There are 2 protein chains.
Amino acid sequence: MALTDRKLKILEAIIRDYIESAEPVGSRSLSRKYELGVSPATIRNEMSDLEEMGYIQQPHTSAGRIPSDKGYRLYVDKLMEIRRTAHKNRIKMKSDILKKYGELEQLLEYTSRVLSEFTQYTSIVLAPQVKKSRLKQIQLARLSEETMLAIFITNTGLIQNPLFKIPATMKQEDLEKISNFLNKEFVGSTLEEIETRMAEDLKRELAQFHSTVYALLPEMFKTLEQVSDVTLYLSGTTNIFNFPEFNDLTKARSFLNLMEERKTISELIARQDSDKFNISIGSENQIQEAKECSIVTTTYSLDQQTIGQLSVIGPTRMDYDRVISVLGQVSKMMNDILKDK
Amino acid sequence: MALTDRKLKILEAIIRDYIESAEPVGSRSLSRKYELGVSPATIRNEMSDLEEMGYIQQPHTSAGRIPSDKGYRLYVDKLMEIRRTAHKNRIKMKSDILKKYGELEQLLEYTSRVLSEFTQYTSIVLAPQVKKSRLKQIQLARLSEETMLAIFITNTGLIQNPLFKIPATMKQEDLEKISNFLNKEFVGSTLEEIETRMAEDLKRELAQFHSTVYALLPEMFKTLEQVSDVTLYLSGTTNIFNFPEFNDLTKARSFLNLMEERKTISELIARQDSDKFNISIGSENQIQEAKECSIVTTTYSLDQQTIGQLSVIGPTRMDYDRVISVLGQVSKMMNDILKDK
DNA sequence: GTTAGCACTCTCTATTAGTGAGTGCTAATT
DNA sequence: AATTAGCACTCACTAATAGAGAGTGCTAAC
């Protein structure tokens with residue numbers, strides 16, 4: 001069966017209406033509300049076809065239709081027109097506040113708040129990946145007899161301080177030498193580059209300082225990467241209570257449980273590199289608890305390099321237009337702010 | 001009216017039963033379940049008295065009684081016997097895991113998990129107060145033309161790195177001098193001590209390095225304090241869904257909203273110094289949204305100095321005995337672990 | 001002072017009936 | 001041949017009703 005123009009028009013009307021009302025849409029109310037130029041009976045026939053094609057579905061025999069995941073997918077890919085300017089001015093205002101934050105953590109947390117405030121859904125902001133960040137400075141400091149603190153400062157504003165055990169025999173002098181060496185060699189490189197280079201030539205050059213250093217460094221970088229890979233900022237989790245589809249305690253609970261597990265969340269919004277929008281609708285999500293949710297993700301970058309992600313998660317009946325618009329603007333904002341640092 | 005022994009016995013039975021069942025307790029079922037040696041009719045009379053005295057209340061005329069906040073208060077202060085050893089072995093096991101964490105953040109987060117897991121309520125762990133921590137080391141590092149990174153390492157394992165703007169005229173040499181001076185003067189002192197001392201003699205001694213430093217330092221310490229004063233670790237927020245009294249969407253929502261606002265939470269569990277248990281029951285809480293909750297708080301310490309707090313928040317119908325027992329053990333555990341660092 | 005007996009209260013759970021929005025089919029209309 | 005009007009039918013939702021069960025308070029007996 002072909003998707004005629006009229007079918008598309010009707011499908012779009014159904015989705016628009018359902019996104020707004022969360023109520024199954026009937027043929028009569030559809031013809032009343034939208035200027036489709038045909039009678040409810042005709043709409044009914046078309047709806048029947050659309051259902052057969054899998055774009056909409058009926059909760060029960062005598063109810064109206066609601067969009068299926070496939071329907072939303074079509075809408076998102078073909079029908080939706082993005083109002084790129086939703087909340088433009090108000091977001092601009094927030095931008096000025098954001099610029100004030102010197103600390104990256106605060107910037108990320110506040111960004112997350114802004115996202116959930118403007119979309120009214122739950123937002124997830126992923127911190128810059130250490131892997132993609134360029135090293136700006138390393139400092140090593142002895143803490144006690146046997147522990148050492150490494151301080152990594154990157155161009156993305158990430159500051160990490162992993163602790164390590166070091167042999168008591170290592171002198172302050174050695175630490176300084178190593179520190180100087182690391183700074184000289186690796187400042188400006190990404191961790192990815194450092195990791196590959198390390199395997200090649202670090203061994204040779206560092207062996208002269210201290211043999212344990214060679215064992216220490218790879219672990220050092222590895223720890224660093226692990227830590228920040230799960231660093232995410234959540235905001236607006238309780239917004240789901242605003243949606244009738246989560247007015248069921250079991251569903252609300254399952255969603256909030258999902259949001260309490262940082263590990264599952266990061267599975268849900270797998271890292272992506274493209275700066276386009278990634279939309280995952282309902283059953284397209286791999287994780288069971290998120291099969292009734294949609295996730296829109298975009299990225300933010302520094303020096304043409306994608307470094308982190310911004311996501312919004314809400315019911316499949318999500319206002320995709322607006323979410324995309326807000327995400328786009330906030331992403332642009334982040335890019336600007338990071339550049340100015 | 002006097003609180004006779006029999007009245008106390010009955011009150012205790014009511015509270016015990018209600019904590020377990022969450023159902024209003026009737027005279028008949030009470031006499032069946034507990035060996036009170038009197039008939040339901042007698043119990044009814046006593047209950048009537050207890051209600052008049054304000055220890056219990058009736059949800060409606062023909063229902064059983066439930067404890068009032070005043071009743072819980074009496075129970076907690078006088079009746080309850082604490083099973084100090086609840087989950088003793090299993091908590092001991094967790095202790096071994098906890099000891100492995102080198103980073104304070106992980107320790108705190110995991111502690112929070114342990115608390116919510118064993119109590120089945122929501123737990124809040126407050127990070128050590130910077131104010132009460134002793135400075136172990138300071139490092140200053142120039143980040144760019146105009147920004148500086150200060151690294152504070154304290155005896156509690158807290159590592160903070162606030163950013164500051166510094167005038168471009170300040171040289172690397174100056175930073176080192178300041179750094180050395182700060183280390184020499186203040187290592188081993190608490191921030192409280194540093195703050196008072198600074199007002200007195202810092203001015204004179206540091207003025208010789210650079211006049212802007214004098215302006216910089218107080219701000220530096222202040223920032224530091226602010227940051228960590230709101231650092232808290234939450235866990236088990238969704239446990240609230242396990243309790244019938246929160247089976248109401250509005251209530252669950254209001255609780256979870258409360259838990260999303262870090263600021264309000266820290267108001268709720270005001271800092272305390274005593275290492276005893278602080279229990280705040282229902283209406284005793286100042287914040288509206290928490291009037292149906294109880295909060296049990298204790299502290300953890302290092303070198304006889306209280307540095308942080310452990311809290312558990314749940315419905316007023318809380319298993320106070322167990323919560324106190326678990327909190328006590330976990331607190332002891334934290335003390336041990338921190339001491340060994 | 002304690003207890004048995006009893007009428008009364010109030011919530012909770014089905015059950016029932018009525019309402020309304022919506023569908024699908026058929027036959028008439030364009 | 002496509003569209004539409006008409007109509008019987010379906011099903012969720014709401015409100016009303018009845019009955020069961022747990023509990024109370026009062027009175028009178030022990």
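For clarity, every value in this text was computed on a predicted model and none was experimentally measured.
Between A:Ser39 and D:dT3 there is no side-chain N or O to OP1 or OP2 distance below 4.0 Å.
Between the C1' atom of D:dA2 and the CD1 atom of A:Ile43 lies a distance of 15 Å, rounded to the nearest Å. In this structure, A:Leu36 places its CG atom 15 Å from C1' of D:dT3, rounding to the nearest Å. In this structure, B:Lys33 places its NZ atom 11 Å from P of D:dG23, rounding to the nearest Å. Distance CD (B:Glu23) to P (C:dT11): 14 Å, rounded to an integer number of Å.
Ranking D:dT4, C:dT3, D:dC11 by closeness to the A:His60 side chain, first place goes to D:dC11.
A:Lys7 pairs by the side chain to side chain donor-acceptor pair (under 3.5 Å) definition with A:Glu46, A:Asp49, not counting sequence neighbours. Scanning for side chain to side chain donor-acceptor pair (under 3.5 Å) contacts around A:Tyr110 gives an empty result, with sequence neighbours left out. Partners of A:Gln58 under the side-chain contact (heavy atoms from CB on, under 4.5 Å) rule, at least two apart in sequence or in another chain, are A:Glu51, A:Arg65. When the side-chain contact (heavy atoms from CB on, under 4.5 Å) test is applied to B:Asn239, the partners found at least two apart in sequence or on another chain are B:Ser116, B:Gln120, B:Asn242. Remark: B:Met93 engages no residue in a side-chain contact (heavy atoms from CB on, under 4.5 Å) (not counting sequence neighbours). Not counting sequence neighbours, the partners of A:Lys88 by the side-chain contact (heavy atoms from CB on, under 4.5 Å) test are A:Thr85, A:Gln329. With sequence neighbours excluded, the residues satisfying salt bridge (Lys or Arg N to Asp or Glu O under 4.0 Å) with A:Lys94 are A:Glu117.
A centroid separation of 6.0 Å or more is found between the aromatic rings of B:Tyr55 and B:Tyr75.
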Query raised in the report: Can you give one letter per nucleotide of nucleotides 13-30 of chain C, 5' to 3': B if a protein heavy atom sits under 4.0 Å from the base, S if only from the sugar-phosphate, - if neither?
Result: ---------SBB------
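Within residues 4-20 of chain A, no residue has any heavy atom closer than 4.0 Å to DNA chain C. Within residues 240-254 of chain A, no residue has a heavy atom under 4.0 Å from DNA chain C.
Ion pairing of A:Glu20 with A:Arg16 is absent here, as no side-chain N (NZ or NE/NH1/NH2) approaches a carboxylate O to less than 4.0 Å.
Legend: salt bridge (Lys or Arg N to Asp or Glu O under 4.0 Å) pairs involving residues 22-44 of chain A, not counting sequence neighbours, sorted by first then second residue: A:Asp17-A:Lys33. Among residue pairs with one or both ends in residues 286-298 of chain B, those qualifying as salt bridge (Lys or Arg N to Asp or Glu O under 4.0 Å) are B:Lys251-B:Glu292; sequence neighbours excluded.
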